[in-house]
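Notes for the one structure printed next.
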Amino acid sequence: MTADLIFVLLALLTLVPAVWVAFSRNIVHAGFSLLLTLLGVAGLYAYLGADFVAVTQVMVYVGGVLVLILFTVMMTRVPQNGRPRHGLDRFVPAAVFALGVFGLLYKTITAVEWAASEGAVEPTTAEIGTNFITSYIFPFEYVSLVLLAAMIGAAILIRERRPEETEEPAAPAPETEEEVAS
Amino acid sequence: MELLHVNIPNWSDLATHWRPEVMLVGTFLLALLGDLVVRGRRPAVPFTVALVGLTMAGICAVRKLGVEGGTVMGDLVVVDGLAAFFRILFIFTGLATVLFAWTSEEIMGKKRENKGEFFALTVLLTLAACVMAEARDLLMLFLSMEAVGIVSYVMAGYMRGSLRSTEASLKYVIFGAVSSAIMLYGLSLLYGMTGSMQFEGIRAGLQTGDVNAFGLLVAVVLVMAGMSYKIAAVPFHYWAPDVYEGAPTPVSALFSVGPKAAGFALMIRFFYTTLAAGPDANASAGLIAQINWPLLMAVISAATMTYGNLVALRQANVKRMLAYSSIAHVGYLLMGFVLLTDAGLQAILFYLLVYTFMNLGAFFFVVAVNNHLKSEHLDDWVGLGFRMPWAASLMIIFLGSLTGIPPFAGFAAKLYLFTAVMDRQWFWLVIVAGLNSVISLYYYFKVAKAMFLMSPPEGADMSPLKLHWLQYTVLGVLAIPTLALGLFFGRFKGLADRAIEMMTTGL
């Protein structure tokens, strides 16, 4: 009974702000409601006994990704020519699509007999750590290569042009050199 | 003692089964380091390192062909016939790309930056593609696809000054993220249904348990969606023309072959292992039939090839036309998937082998032209056959092979695919594919016509264009198998056959 109550509360914590994220016209409000949704998801992980995932969720999504989103909102300009439209012609197809996906997933989730995990709920962190250096050492090492690639990529894409690499002296819009040429 | 029954990783696997890949990792790191230490106008150090490293890895991979493979450090990655076949393909693609990029103005031009990193990233993309062909666990499946994705996003946006290139990168990232999310949902459904992350465990779970056909269909369709994105099949192809057109041409060449073939390798292993379940046809017929897999694949295949060919007809930009043509070729390749039979998969492998040579050749010719004309527009290509006769003649070979007309390798490859499908009475699909080949004849030969038959306007520049000697070499090396495989395909078809046999018997 108490467990059910906790679940309902966590689900509400996830869903109500999620609705707000989808419908809010103010992107900062949407960002902040995402905070609550992500916390709710972390709560659900903890409720299911996935303690490590719950902590990771808080650290990565609440602590990292969300801050990044807010920074991005802060640093991007609002489009000058007109606001995005919110007419019925946008709303109806989106609603139909969303309801269709929901129906499909609902039917799947209720129809399938899920493979249940056996055994009592135990702390998982230690076991995950052991697995990382034994059975799962390959992906663990491979991920480090992927992250290195991501880092190099970020450096390549955002690094400022060095003066000796640009031929023309600080052209007004170096971004369009190719467009002009073609 | 907890640790006693724990799986201790076996590091020596790296030296036995995984040696080419270890070389690639080393090459990647050395190329990066070399680029840091020695900086010059042209990045000779990373280029040389990548060249030597890829060559050594390639030699090693060829020598490992046919040698008994095995899993690498745990159960998540396996080097078997399929992986051994594909990694040679990827290393060859990487090597050709490195050589051609060295002569490309789009990568090496005066205003370009980060020239050294390009070679390191090409090596890394090669490695990531190899791992994709080796994954046999949902975790590695996702991780390897993301690795290929991340490197691809960067390479697509390589020409930082260009709006088109930046747009290509952005589109690639957004489509990639969405399709990854869709695929992850499908993977989570599969894991939930079977309780296993390993492909074989999933198969076992699906065969023993009371599988809900509807749930399985949803899961398979979601996973298929993510993989369709990687290989650019309809309806997940939207990114492909823009990315191929916007990315530097050597990168487009790499994209149209490397990640695409890796996607096919992953699909072959995943769907064959989970759904078709080995040589025992009776056990497998149930699962495939239950979710009507053949019809699903046949419709995707027909839609992909028809869409690609019809839109390619209207393109005046050769690079964009080749992008749509590569979508059409995915449609042909998917024909081999319709029944998940050995013959079909072997035909896919052989087609991919041929496709690698001919498509790389066609894209590289665009690079060579682009160096001089700075244009991929067909109107500017008029009379090109007289300005660079040798290279243009080679281009005719590649175009002929892409169309699939008899003396060239493309014909043999198509023949195998069509017969594999015909064997199982999918006549309408073969007819659609045949009609599509006829359509493709028109737009491939529009290029040939522009180069050789149309007379250039008065006063046009008709001075001969000289190619870099490396460009002649690479184009020539690509043209030889494009011709030879059309005449002596038996031996190489045998390679493809053995690769599939080794995978299926390994189950």
Side-chain angles (χ1 to χ4, degrees), chain A residues 101 103-118 126-127 129-168 171 173-182, chain B residues 2-3 6-9 25 28 32 72-77 110-114 117 120-121 124 127-128 131 137 139-140 143-144 146-147 150-151 153-155 157-166 169 185 189 191-196 205 209-212 214-216 218-219 374-375:
Chain A
V101 171
L104 204 69
L105 293 179
Y106 180 80
K107 182 152 192 288
T108 312
I109 289 167
T110 46
V112 172
E113 211 170 297
W114 299 105
S117 72
E118 64 278 355
E127 205 179 330
T130 316
N131 269 312
F132 267 153
I133 54 163
T134 54
S135 309
Y136 284 84
I137 189 160
F138 188 90
F140 186 63
E141 295 291 339
Y142 188 62
V143 142
S144 59
L145 263 184
V146 179
L147 291 179
L148 181 59
M151 246 155 61
I152 295 168
I156 288 175
L157 291 180
I158 62 163
R159 191 166 70 185
E160 219 169 315
R161 280 163 175 257
R162 287 206 216 106
E164 78 259 27
E165 279 174 343
T166 41
E167 297 282 295
E168 295 113 53
E175 285 81 16
T176 55
E177 63 163 36
E178 205 72 27
E179 294 299 301
V180 174
S182 61
Chain B
E2 274 279 295
L3 279 175
V6 125
N7 177 7
I8 304 291
V25 176
F28 165 64
L32 272 185
V72 180
M73 297 181 72
D75 277 339
L76 285 81
V77 185
K110 278 210 180 76
K111 286 185 199 158
R112 298 283 166 240
E113 308 160 53
N114 309 314
E117 281 92 340
L121 286 179
L124 191 62
L127 170 81
V131 176
D137 181 281
L139 181 66
M140 277 317 288
L143 212 55
S144 59
E146 285 304 289
I150 286 172
V151 182
Y153 306 150
V154 179
M155 291 178 86
Y158 218 81
M159 301 192 292
R160 273 190 15 187
S162 151
L163 276 182
R164 263 177 20 177
S165 180
T166 311
S169 179
Y185 211 102
L189 288 180
Y191 174 66
M193 274 185 257
T194 59
S196 174
D210 226 358
V211 183
N212 180 287
F214 179 77
L216 183 60
V218 171
K374 306 272 176 261
S375 163

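Values below: all heavy atoms of this structure, side chains included; hydrogens, waters and symmetry mates excluded. So that the names make sense, note that chain A is the first sequence line, chain B the second, and so on, each numbered from 1.
Heavy-atom distances place the side chain of A:I152, and not its backbone, under 4.5 Å from chain B. Residue contact with chain A, scored on non-hydrogen atoms closer than 4.5 Å, involves the backbone and the side chain of B:L143 alike. Proximity to chain B is limited to the side chain of A:I137, based on heavy atoms less than 4.5 angstrom apart. With a 4.5 angstrom heavy-atom cutoff, B:A219 does not touch chain A via any of its atoms. With a threshold of 4.5 angstrom between heavy atoms, B:L32 approaches chain A through side-chain atoms but not through N, CA, C or O. Heavy atoms closer than 4.5 Å to chain A are found nowhere in B:S375, neither backbone nor side chain. The contact between B:M193 and chain A is made by backbone and side chain atoms together, counting heavy-atom distances below 4.5 Å. At a 4.5 Å heavy-atom cutoff, the contact between A:L105 and chain B is made by side-chain atoms alone.
The closest side-chain heavy-atom distance from A:I156 to B:L121 is below 4.5 Å. Side-chain atoms of A:L145 and B:V25, non-hydrogen and from C-beta on, do get closer than 4.5 Å to each other. Side-chain contact check for A:L104 versus B:F214: some heavy-atom pair is nearer than 4.5 Å. Contact check for A:L148 versus B:F28: side-chain heavy atoms found under the 4.5 Å cut-off.
Here the closest heavy-atom approach between residue B:M73 and residue A:F138 is recorded as O-CB, 3.9 Å. The minimum heavy-atom distance between A:G153 and B:V154, with the atom names listed, is CA-CG2, 3.3 Å. In terms of heavy atoms, A:S135 sits closest to B:L76 at O-CD1, 3.5 Å.
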